[in-house]
Amino acid sequence: MIFLRSAIISYIKPQLSVLRNSKFVMSTASEGFSKPRLVTKKVLAKSQSEGDGAVVRRSIGRPESKSLDPFLMLDEFSVSPPAGFPDHPHRGFETVTYMLEGAVTHQDFAGHKGTIRAGDVQWMTAGRGIIHSEMPAGPGAQKGLQLWVNLSSKDKMVEPNYQELLSEDIKRVEKDGVKVNIIAGESMGVNSSVYTRTPTMFLDFTLSPGAQMHQPVPESWNSFVYVLEGEGVFGSTSSSPISAHHVLVLSHGDGLSVWNNRSEPLRFVLIGGQPINEPVVQYGPFVMNTKAEIEQALQDYRNCKNGFEMGKYWRSQ
């Protein structure tokens, strides 16, 4: 799913690893870390319009949190028919769509089509080029998260690929009042089966009232938290509680501790990844390393070549 800025839509619309994350084990005991990750920045994700009538809360990708290598964007979206995300292109990165409520139907110019529902994940590698649409699959608000993960220069022009996991296929662990859905990476000694070209962890935690968690994170990785529900204390027991719809950029360290001192459950996602440390040049749905590569991507899209050949005649149904 892509949330295009209005200017980008007006410009282009008329133109037509294998790597498991390192072995880290989580404990729900009250043990600390030698170098705990602390909150270095807190930003409230405010609602804004994107796509064709959709509403998103953008956290990563806002001016206050422009990007966090290798992450380009995180949106919490809500879309109701007839709004949606009609035909649009991507090149040079991956999109991860995690449904929270309802369902969204995806189709692309290569003939792929499917619907993901609450708890399902689609991990799409756009690579050299894809044109697709993502539209609500039922009445009312369809809600979820979409993460954009950058690709290194060596992977930007790979063939497009999809990994779709149904809710029942996602690994889950529960211990001492802590539940975790392991979308990517590892927690409590359990690995996700998702292949991440850019080494990534994506963990969905729910803490019962009074529970705490201590999740290791590779020390060299960048990481952040997005709070979905409730209120929690992150990083240090002396920190102020933080409520829903805030993104928390974390310092480097060997792990994150979280406490739920409230009477309601706390739900958040912890996302981390290995930095790529390459230049990032972005023009809406195209993310490359140089301006020349962006100009080439625009030409390829307009002229239906170099990965966009099937876009010449395709329109979503």
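- The shortest heavy-atom contact between G138 and P81 is O-CG, 3.1 Å.
- Judged purely by atom type and a 3.5 angstrom limit, K41 uses its side chain to pair as donor or acceptor with the backbone of E64.
- S236 contributes a side-chain N or O that, together with a main-chain N or O of S238, makes up a donor-acceptor pair within less than 3.5 Å.
- Considering only heavy atoms from C-beta on, E164 stays 4.5 Å or farther from D120 through its side chain.
- Side-chain contact between W314 and Q107: present, with at least one pair of heavy atoms (C-beta onward) separated by less than 4.5 Å.
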Note to self: Between V280 and N150, does the side chain to side chain contact (heavy atoms under 4.5 Å, CB included) criterion hold? Intermediate values first, please.
What the structure shows: CA-CA 9 Å; V280 175; N150 199 13; 3.6 Å; yes
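- Hydrophobic cluster membership differs between V55 and V79, with clusters built from Ile, Leu, Val, Met, Phe, Trp and Tyr side chains linked at under 4.5 angstrom.
- When atom types are taken as modelled, the side chain of D75 and the backbone of F77 share no donor-acceptor pair closer than 3.5 angstrom.
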Item checked: Residue pair L248, I242: steps toward the side chain to side chain contact (heavy atoms under 4.5 Å, CB included) verdict -> CA-CA 9 Å; L248 315 176; I242 299 174; 3.5 Å; yes
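- With no hydrogens or angles considered, no side-chain donor-acceptor pair links E94 and W148 at under 3.5 Å.
- For the atom pair K154 NZ and I276 CD1, the distance stands at 9.0 Å (nearest 0.5 Å).
- Under the 4.5 Å side-chain criterion, counting only non-hydrogen atoms from C-beta, V287 is in contact with K156.
- Interatomic distance, CD of Q163 versus CG of L165, reported as 7.0 Å (0.5 Å rounding).
- Nearest heavy atom pair, residue W221 against residue P275, reads CA-CD, 4.0 Å.
- Take H252 and apply the ring pair (Phe, Tyr, Trp, His ring centres under 6.0 Å) test, not counting sequence neighbours, and it matches no residue.
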Checklist line | Chi angles and distances behind the side chain to side chain contact (heavy atoms under 4.5 Å, CB included) call for R57, Q48 | finding: CA-CA 6 Å; R57 287 181 178 269; Q48 63 186 68; over 6 Å; no
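- With S187 as the fixed residue, the side-chain contact (heavy atoms from CB on, under 4.5 Å) test singles out one of I182, V173, N181: I182.
- L151 and L147 fall into different hydrophobic clusters, where Ile, Leu, Val, Met, Phe, Trp and Tyr side chains are chained together by heavy-atom contacts under 4.5 Å.
- With hydrophobic clusters built from ILVMFWY side chains whose heavy atoms lie under 4.5 angstrom apart, L38 does not share a cluster with V247.
- Residues forming a ring pair (Phe, Tyr, Trp, His ring centres under 6.0 Å) with H245 (at least two apart in sequence, or on another chain): none.
- Between P86 and D52 the shortest heavy-atom distance is CD-CB, 3.8 Å.
- The cluster map of Ile, Leu, Val, Met, Phe, Trp and Tyr, joined by side-chain heavy atoms under 4.5 Å apart, puts V190 and M213 in the same cluster.
- Aromatic rings from H90 and F93 are positioned such that their centres are separated by under 6.0 Å.
- Of the possible polar contacts, one joining the Q317 side chain to the R315 backbone as a donor-acceptor pair under 3.5 Å is found.
- Checking side-chain atoms of S192 against main-chain N and O of G185 turns up no donor-acceptor pair under 3.5 Å.
- Of the inter-residue distances, the one linking Q142 atom CD with S78 atom OG reads 8.0 Å to the nearest 0.5 angstrom.
- Side chains of S243 and E231: no donor on one and acceptor on the other come within 3.5 Å.
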Notebook entry, point to check: How far apart are the C-alpha atoms of S67 and R62, what are their side-chain angles, what is the distance that settles it, and do they pass the side chain to side chain donor-acceptor pair (under 3.5 Å) test?
Noted result: CA-CA 8 Å; S67 64; R62 294 177 59 83; over 6 Å; no
Note to self: Could you walk me through whether E264 and R262 satisfy the salt bridge (charged side-chain N to carboxylate O under 4.0 Å, His left out) test, starting with their C-alpha distance in whole Å, then the side-chain angles of each, then the deciding distance to 0.1 Å, before giving a yes or no?
What the structure shows: CA-CA 6 Å; E264 300 295 328; R262 302 296 182 176; over 6 Å; no
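- Between R91 and D300 a salt bridge is recorded (basic side-chain N to carboxylate O distance below 4.0 Å).
- Taking the six-membered ring for Trp, F234 and F268 have ring centres closer than 6.0 Å.
- Pairing each heavy atom of S80 with each of P136, the nearest pair is C-CG, 4.1 Å.
- Of the possible polar contacts, none joining the N161 side chain to the T125 backbone as a donor-acceptor pair under 3.5 Å is found.
- Looking only at distances, a side-chain donor or acceptor of T290 sits under 3.5 Å from a matching main-chain atom of E293.
- If you take CD1 on I130 and CG on D108, they are separated by 4.0 Å, rounding to the nearest 0.5 Å.
- Proximity of a side-chain donor or acceptor of S65 to a complementary backbone N or O of S59 within less than 3.5 Å is detected.
- Defined by atom type and a distance below 3.5 Å, a donor-acceptor pair is missing between the side-chain atoms of T198 and T200.
- Remark: the backbone N or O of M288 is not paired with any side-chain donor or acceptor of Q282 at under 3.5 angstrom.
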Item checked: Stepwise salt bridge (charged side-chain N to carboxylate O under 4.0 Å, His left out) test for R267 and D204 -> CA-CA 7 Å; R267 186 180 183 188; D204 174 7; 2.7 Å; yes
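- Proximity of a side-chain donor or acceptor of N260 to a complementary backbone N or O of L207 within less than 3.5 Å is detected.
- A distance of 7.5 Å separates CG in L68 from OG in S223, rounded to the nearest 0.5 Å.
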Next item on the list: Show your working on side chain to side chain contact (heavy atoms under 4.5 Å, CB included) between Y301 and I131 and close with a plain yes or no.
Entry: CA-CA 9 Å; Y301 174 62; I131 301 175; 3.6 Å; yes
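- More than 12 heavy-atom neighbours from other residues, nucleotides or ligands sit within 6.0 angstrom of CD on E168.
- Here the two rings, on H112 and Y162, have centers that are under 6.0 Å apart.
- Under a 4.0 Å N-O distance rule, the pair K143/E76 does not qualify as a salt bridge.
- Closest of all the heavy-atom pairs between F205 and Q215 is CZ-OE1, 3.6 Å.
- Between R197 and D155, at least one side-chain N (NZ, or NE/NH1/NH2) sits under 4.0 Å from a carboxylate O, which counts as a salt bridge.
- Interatomic distance, T97 OG1 to M99 CE, rounded to the nearest 0.5 Å: 8.5 Å.
- A salt bridge is defined here as a Lys NZ or Arg NE, NH1 or NH2 lying under 4.0 Å from an Asp or Glu carboxylate O, and E50 with R58 meets this definition.
- Evaluation of the ring pair (Phe, Tyr, Trp, His ring centres under 6.0 Å) rule for F224 yields F71 as partners, not counting sequence neighbours.
- For the residue pair D87/S316, the side-chain donor-acceptor check at 3.5 Å is satisfied.
- For the residue pair T105/T115, the side-chain donor-acceptor check at 3.5 Å is satisfied.
- Nearest approach of L256 to G235, heavy atoms of both residues: CD1-N, 3.9 Å.
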Next item on the list: Under the salt bridge (charged side-chain N to carboxylate O under 4.0 Å, His left out) rule, what do R37 and D254 come out as? Steps first, then yes or no, please.
Entry: CA-CA 7 Å; R37 289 189 177 239; D254 53 350; over 6 Å; no
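- Between L266 and V227 the shortest side-chain heavy-atom distance falls below 4.5 Å.
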